[in-house]
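In this chain, numbering begins with 1 at the start of the sequence shown. Order of appearance sets the numbers: ligands from 1, and atoms from 1 within every ligand.
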Amino acid sequence: MTVPVAATAADALDAAQRQAVATKQLPGGLTVAEAYEIQHAVLARRTGRGERVVGTKLGFTSEAKMAQMGVSEIIVGQLTDAMQVPDGAEVDLTRFIHPRIEPEVAFRLSRALELDDPDADIATCVDAVAPALEIIDSRYRDFRFSLPDVVADNTSAAAFVIGPWLDLLSGTAALPELAVELVVAGVTVERGSTSDILGHPVRALRALVPMARKYGFALPAGQIVLAGAATAAVPFAAAVVEARVATLGSVSVRGVL
Ligand code: OOG
Ligand code: MG
């Protein structure tokens, strides 16, 4: 892929995000590796304006998400400080094109994962877990995309909310089989389980490591990792939305117009 192609695609995606106006899908024939190059170019525009990368997110780690979007490969995107919304806060929906919201499990890296150490185990680098919400907002028309499209578009990442961190003193063994609920205006609209995330959210963490090596993501200490939604996403309209994860607790955000 020539540099001008990546730059043109990144400019279009960046403008779509900033102006909250959808753009057309990228031309066909891009490889996944080229799509990650475009994603890095999109992030370079954001960091060039002073944003800081604070985390990484996985996508399509559950059947529910793969079925909803018709994409069945795990994808990785990046989270910046500008995307973080405090737990319980309001978020202005006019910032987005056609936002959706989904429940997530977040991990915190207490130590950097040394990507050039083949024996490095990311499960030993996490010290805390939290219920979380992700707001996704595909920059493409009609929220439709191919695998390279969604990768280039930073995996639809738009905003995220992290609930109370819980120390993982006893390890990650207790994390599978926790009920996950997405609650909109007091009504449960989606139900799942942490075991819907590749059988165990720690598998999502582990899946991140080879992708970080291959596509050039750093995993420094302090980073947040979203493991991917256990349920389908729902439209994010003017209401309070809450994610509840059994024993971990809950996290909420209020969409306002
Ligand atoms: C892509 C993002 C997928 C997840 O948790 O599976 C994702 C999308 O659905 O637009 O964040
Ligand atoms: Mg997600």
Side-chain angles (χ1 to χ4, degrees), residues 13 16-17 20 22-26 32 35-36 38-39 42-43 53-80 83-85 91 96-107 129-163 180-182 189-205 207-208 211 215 217 223-236 241-243 245 251 253:
L13 288 164
Q17 183 261 316
T23 185
K24 61 179 189 300
Q25 287 71 15
L26 300 180
V32 172
Y36 278 105
I38 297 171
Q39 182 191 128
V42 170
L43 266 293
V53 175
V54 296
T56 305
K57 56 159 284 193
L58 288 134
F60 304 133
T61 53
S62 69
E63 289 288 341
K65 283 291 302 183
M66 291 190 262
Q68 181 179 32
M69 303 315 298
V71 175
S72 54
E73 267 185 61
I74 297 175
I75 56 174
V76 179
Q78 299 170 73
L79 306 172
T80 74
M83 298 180 194
Q84 187 157 11
V85 177
V91 60
F96 307 115
I97 304 165
H98 36 207
R100 297 180 183 178
I101 190 160
E102 56 190 22
E104 295 269 350
V105 172
F107 289 102
V129 63
L133 283 161
E134 186 184 12
I135 296 153
I136 52 173
D137 192 32
S138 175
R139 266 56 67 163
Y140 300 113
R141 286 181 195 151
D142 308 319
F143 221 114
R144 269 195 311 105
F145 44 70
S146 64
L147 173 66
D149 285 337
V150 67
V151 166
D153 183 26
N154 194 25
T155 69
S156 309
F160 66 99
V161 195
I162 305 288
V180 174
E181 272 181 81
L182 185 64
V189 293
E190 293 287 338
R191 282 178 204 277
S193 160
T194 51
S195 61
D196 294 329
I197 305 164
L198 295 179
H200 191 306
V202 166
R203 294 215 184 113
L205 271 181
L208 173 60
M211 297 189 72
Y215 300 120
F217 297 101
Q223 267 222 354
I224 294 165
V225 179
L226 297 183
T231 75
V234 300
F236 185 28
V241 180
E242 189 185 354
V245 183
V251 54
V253 66

To the closest 0.5 Å, what do you measure between [atom1] ([X]) and [atom2] ([Y])?
X: I75; Y: N154; atom1: CD1; atom2: CG; value: 9.0 Å
X: L26; Y: L13; atom1: CG; atom2: CG; value: 5.5 Å
X: F60; Y: E73; atom1: CZ; atom2: CD; value: 10.5 Å

Under 4.0 Å from a heavy atom of [X]: which atoms of ligand 1 are those, numbered in the order shown and with their elements?
X: G228; answer: 5 (O)
X: T155; answer: 1 (C), 2 (C)
X: K57; answer: 2 (C), 7 (C), 11 (O)
X: M69; answer: 9 (O)
X: E134; answer: 11 (O)
X: G59; answer: 3 (C), 4 (C), 6 (O), 7 (C)
X: F143; answer: 10 (O)
X: F145; answer: 8 (C), 10 (O)

Which atom name would you report as the N, O or S atom of [X] nearest the Mg ion (ligand 2)?
X: E134; answer: OE1
X: E104; answer: OE2
X: E102; answer: OE2

Evaluate side-chain hydrogen bond (donor to acceptor under 3.5 Å, both in side chains) for S193 paired with D196, printing each intermediate quantity in order.
CA-CA 5 Å; S193 160; D196 294 329; 4.9 Å; no
Considering only protein heavy atoms, which is closest to [atom], and at what distance to one decimal place?
atom: atom 9 (O) of ligand 1; result: K65 NZ, 2.8 Å
atom: atom 4 (C) of ligand 1; result: E102 OE2, 3.3 Å
atom: atom 6 (O) of ligand 1; result: F60 N, 2.8 Å

Backbone N or O of [Y] within a donor-acceptor pair of the [X] side chain at under 3.5 Å?
X: S62; Y: A229; answer: yes
X: E104; Y: G228; answer: yes
X: K65; Y: V71; answer: no
X: D153; Y: S138; answer: no

Please work out whether the ring planes of Y36 and F217 are parallel, tilted or perpendicular, with thresholds of 30° and 60°.
perpendicular
Do S156 and ligand 1 have an N or O pair less than 3.5 Å apart?
yes
For ligand 1, the portion of E104 having any non-hydrogen atom under 4.0 Å away
side chain
Output yes when E134 and R100 qualify as a salt bridge under the 4.0 Å nitrogen-oxygen rule, no when they do not.
no
Under the side chain to side chain contact (heavy atoms under 4.5 Å, CB included) rule, what do Y140 and D149 come out as? Steps first, then yes or no, please.
CA-CA 8 Å; Y140 300 113; D149 285 337; 3.5 Å; yes
Less than 4.0 Å is my threshold; does some heavy atom of L226 fall inside it relative to ligand 1?
no
